[in-house]
Each structure stands twice: as structure tokens, then as C-alpha cells.
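To start, the structure itself, in C-alpha cells.
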Amino acid sequence: MPTCRRALSRLRKHFRAALDRGGTEATTKVAQSLFRMATEGNNVAAAVFWMKARAGWSERHRADHGFNAPFAVISGVPRADDLSDDELARIAGRGHR
């Protein structure tokens with residue numbers, strides 16, 4: 001085992017830049033794939049993840065309606081009633097690109 005640890009240590013030392021770059025490139029490719037799945041409508045889970053990570057959505061479980069079955073509530077999104085007509089038109093226009 002000591003030889004294996006030394007070998008790994010040496011590899012990390014001499015190839016640090018390549019290891020870092022490879023990790024960054026892999027993360028970039030996964031992020032691009034996730035973005036594509038979320039924006040092209042191919043993957044609802046990807047879209048929900050994107051909205052939670054980038055748009056402040058969150059899930060809360062509540063059971064304050066007199067029964068024991070909690071349900072998920074998405075928050076962080078303004079209610080349509082709270083938006084002006086101009087804001088609603090701008091948001092609606094995004095979906096038709």
C-alpha cells in the first residue's frame with residue numbers, strides 16, 4: 001500500500017493541471033446537458049432542478065389544512081396576480097422563442 005500511495009501522490013503532483021481541467025470539463029459537459037434537457041422540454045426533473053438551483057424555487061411540506069397528508073408547495077415564483085400586464089407579457093413572450 002505505501003507504494004500505491006506514493007504513486008498516486010506523484011501522479012497528482014505531476015498531473016495536477018490535467019486532473020483539474022478534466023474535472024472542470026466534465027462538470028461543464030454535464031451542466032450543458034442538463035441545461036439542454038431542461039430548456040428543450042425533454043426532462044421535467046432537469047427543469048425542476050434548474051429552477052431550484054438557479055431561480056430560487058424550493059419545496060416545503062405542509063399539513064396545515066386539517067388533514068395528515070402533506071403536500072409539496074413550490075415557492076420563489078411570483079403569483080400572476082402580483083405581476084403587471086407588462087411583466088406578464090414579457091414572461092409569456094419568453095416561451096415562444
Side-chain angles (χ1 to χ4, degrees):
M1 283 294 194
T3 304
C4 191
R5 285 187 193 141
R6 271 185 279 172
L8 286 174
S9 178
R10 239 182 266 130
L11 284 171
R12 286 187 190 110
K13 178 181 176 184
H14 294 290
F15 295 100
R16 181 79 267 154
L19 290 168
D20 290 343
R21 187 176 57 251
T24 301
E25 289 174 5
T27 299
T28 300
K29 286 183 180 184
V30 170
Q32 289 170 339
S33 176
L34 176 63
F35 179 78
R36 190 171 41 259
M37 288 187 294
T39 58
E40 292 176 0
N42 298 333
N43 190 322
V44 172
V48 170
F49 173 79
W50 182 267
M51 293 304 292
K52 287 179 180 180
R54 302 291 297 193
W57 279 21
S58 66
E59 291 185 32
R60 296 187 304 242
H61 295 282
R62 302 194 293 194
D64 59 358
H65 293 284
F67 55 92
N68 291 332
F71 57 93
V73 176
I74 302 291
S75 64
V77 178
R79 293 172 11 114
D81 294 345
D82 297 334
L83 298 172
S84 69
D85 289 343
D86 289 339
E87 289 170 316
L88 287 171
R90 185 175 42 81
I91 291 168
R94 284 190 214 152
H96 298 290
R97 288 183 190 183

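Worth saying up front: this structure is predicted, and the values here are computed from it rather than measured. Computed over heavy atoms, backbone and side chain alike; hydrogens, waters and symmetry mates excluded.
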>> I'd like to know if the side chain of S33 reaches the main chain of K29, judged simply by a donor and an acceptor atom lying under 3.5 Å from each other, with no hydrogens or angles considered.
In response: no
> Distance from F35 atom CZ to E40 atom CD, nearest 0.5 Å?
Replying inline: 9.0 Å
>> Would you compute the distance between atom CZ of F49 and atom CG of N43 and round it to the nearest 0.5 angstrom?
In response: 11.5 Å
>> Are there over 12 heavy-atom neighbours, none belonging to D85, within less than 6.0 Å of that residue's CG?
In response: no
> Donor-acceptor pair, T28 side chain versus T24 backbone, under 3.5 Å?
Replying inline: yes
> With hydrophobic residues grouped by side-chain heavy-atom distances under 4.5 Å, do W50 and W57 end up in a single group?
Replying inline: yes
>> Once rounded to the nearest 0.5 Å, what's the spacing between atom CG of L11 and atom CG of L19?
In response: 8.0 Å
